[in-house]
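Report on one structure; see the data block that follows.
Remember, predicted model here, so these are calculated numbers, not experimental data. Excluded from the calculations below are hydrogen atoms, water molecules and symmetry mates; all remaining heavy atoms, backbone and side chain alike, are included.
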Amino acid sequence: VHLVESGGGSVQVGGSLRLSCANSGVTYNDYCMAWFRQAPGKEHEVVATIDSDGSITYVDSVKGRFTISRDSEKNTLYLQMNNLKLDDSAMYYCAAGGSDYAYPLSCDARIWDDYNHWGQGTQVTVSS
């Protein structure tokens, strides 16, 4: 499995970015996929997850602003981020976890260590 994030950058408050995670070796029907972020001095925080059955969850702070999606034909996971806030600044990571990995945890209950594949990250910086 190989994950490569892109799409990060610097934007002003209220702006938008779309992150992409090109992946190989992942079959979405067999994997839980997620976006995490890590701000300096903080732990990894799950931002959004999409389970093998397509069910989606978001951390409360991004609900209504972020959208996670996946494209099986392009083997790409996305995170559309709108109305960005200062607190959204962080390194964003794509993660993949086999459905049987970390069993019996559901996708939305997993933390960083409950995934077994991660990308290298893409930086998002929001300024006023």
Side-chain angles (χ1 to χ4, degrees):
V1 173
H2 192 51
L3 308 174
V4 180
E5 302 95 335
S6 61
S10 296
V11 295
Q12 292 189 319
V13 170
S16 297
L17 285 172
R18 188 175 80 157
L19 306 184
S20 298
C21 172
N23 51 84
S24 59
V26 172
T27 303
Y28 290 139
N29 286 343
D30 296 326
Y31 276 83
C32 168
M33 303 295 294
W35 286 99
F36 282 83
R37 64 186 178 188
Q38 186 179 31
K42 295 188 177 182
E43 297 291 323
H44 291 97
E45 176 188 40
V46 61
V47 176
T49 67
I50 181 165
D51 208 339
S52 56
D53 64 359
S55 56
I56 289 172
T57 61
Y58 298 98
V59 66
D60 285 347
S61 60
V62 308
K63 285 181 180 177
R65 300 188 298 121
F66 290 12
T67 303
I68 187 172
S69 63
R70 65 192 185 193
D71 187 325
S72 299
E73 292 186 0
K74 296 183 179 179
N75 294 321
T76 303
L77 180 74
Y78 300 101
L79 185 67
Q80 177 67 45
M81 306 186 297
N82 297 328
N83 190 21
L84 283 160
K85 302 179 179 181
L86 293 174
D87 286 347
D88 294 321
S89 294
M91 185 72 80
Y92 282 72
Y93 298 89
C94 170
S99 295
D100 293 336
Y101 192 81
Y103 180 85
L105 290 177
S106 60
C107 189
D108 60 342
R110 298 189 188 197
I111 61 174
W112 177 259
D113 289 339
D114 294 323
Y115 289 80
N116 50 340
H117 304 285
W118 305 268
Q120 83 290 345
T122 186
Q123 179 68 41
V124 172
T125 303
V126 184
S127 60
S128 58

Scanning both residues in full, the closest heavy-atom pair of Thr122 with Gly8 reads OG1-N, 3.1 Å
So the ring-ring contact (aromatic ring centres under 6.0 Å, His included) pairs with at least one residue in residues 52-90 (sequence neighbours excluded) are none
Review point. Linking I/L/V/M/F/W/Y whenever their side-chain heavy atoms sit closer than 4.5 Å, directly or via other members, would Val4 and Val26 fall into one cluster?
Key: no
Scanning both residues in full, the closest heavy-atom pair of Ala96 with Tyr115 reads C-CD2, 3.6 Å
- [ ] Report yes or no: does Glu5 contribute a side-chain atom to a donor-acceptor pair with the main-chain N or O of Leu19 at less than 3.5 Å?
- [x] no
When every non-hydrogen atom of Tyr101 is compared with those of Arg110, the smallest separation belongs to O-NH2, 2.9 Å
*Is a side-chain donor or acceptor of Asn82 paired with a backbone partner of Gln80 at a separation under 3.5 angstrom?*
no
Under the criterion side chain to side chain contact (heavy atoms under 4.5 Å, CB included), I'd like the reasoning laid out for Leu86 against Val13: C-alpha separation, chi angles, the key distance, then a yes or no. CA-CA 6 Å; Leu86 293 174; Val13 170; 3.7 Å; yes
Q.
When you compare the side chain of Glu45 with that of Val59, does any pair of heavy atoms fall below 4.5 Å?
A. yes
Here the gap from Ser72 atom OG to Lys74 atom NZ, rounded to the nearest 0.5 Å, amounts to 12.0 Å
Checklist line | ILVMFWY network linking Leu17 to Val62, side-chain heavy atoms under 4.5 angstrom | finding: yes
Verify, without hydrogens or angle tests, whether Ser52 (side chain) and Asp30 (backbone) share a donor-acceptor contact under 3.5 angstrom.
-> no
Checklist line | Student check: side-chain heavy atoms of Tyr28 and Asn23 closer than 4.5 Å | finding: yes
Ala39 and Ala90 have their tightest heavy-atom pair at N-CB, 3.9 Å
* To do: Identify whether Val46 and Tyr92 are in the same connected component of the hydrophobic contact network (ILVMFWY, side-chain heavy atoms under 4.5 Å).
  => no
(request) Following the transitive rule for hydrophobic clusters with a side-chain heavy-atom cut-off under 4.5 Å over Ile, Leu, Val, Met, Phe, Trp and Tyr, establish whether Ile111 and Leu3 coincide in one cluster. (result) no
Heavy-atom nearest pair, Ser16 first then Asn83, reads OG-N, 4.2 Å
More than 12 foreign heavy atoms under 6.0 Å from CG of Asp100: is that the case here?
no
Value for CE (Met91) from CD (Gln120), rounded to nearest 0.5 Å, stands at 8.5 Å
Item to check | Working for side chain to side chain donor-acceptor pair (under 3.5 Å), residues Thr27 and Asn29 | outcome: CA-CA 5 Å; Thr27 303; Asn29 286 343; over 6 Å; no
Margin query: Determine whether Val47 and Leu79 satisfy the following criterion, side chain to side chain contact (heavy atoms under 4.5 Å, CB included), listing intermediate values before the conclusion.
Written below: CA-CA 9 Å; Val47 176; Leu79 185 67; 4.3 Å; yes
To the nearest 0.5 Å, atom CG of Leu77 lies from atom OG of Ser20 at 8.5 Å
Across all chains, not counting sequence neighbours, the salt bridge (Lys or Arg N to Asp or Glu O under 4.0 Å) partners of Arg70 are none
Per ring-ring contact (aromatic ring centres under 6.0 Å, His included), Phe36 is matched among Trp118, Trp112, Tyr93 by Trp112
With a 4.0 Å cut-off on N to O distance, would you call Asp88 and Lys85 a salt bridge?
no
Rounded to the nearest 0.5 angstrom, the SG-CH2 distance for Cys94 and Trp35 is 5.0 Å
Closest non-hydrogen atoms of Leu84 and Val11, given as atom of the first, atom of the second and distance, are CD1-CG2, 3.5 Å
To the nearest 0.5 Å, atom SG of Cys32 lies from atom CG of Asp114 at 9.5 Å
- Item | Tyr31 vs Val1, side chain to side chain contact (heavy atoms under 4.5 Å, CB included): CA-CA, chis, key distance, verdict | CA-CA 11 Å; Tyr31 276 83; Val1 173; 3.7 Å; yes
Here the gap from Ile68 atom CD1 to Thr57 atom OG1, rounded to the nearest 0.5 Å, amounts to 7.5 Å
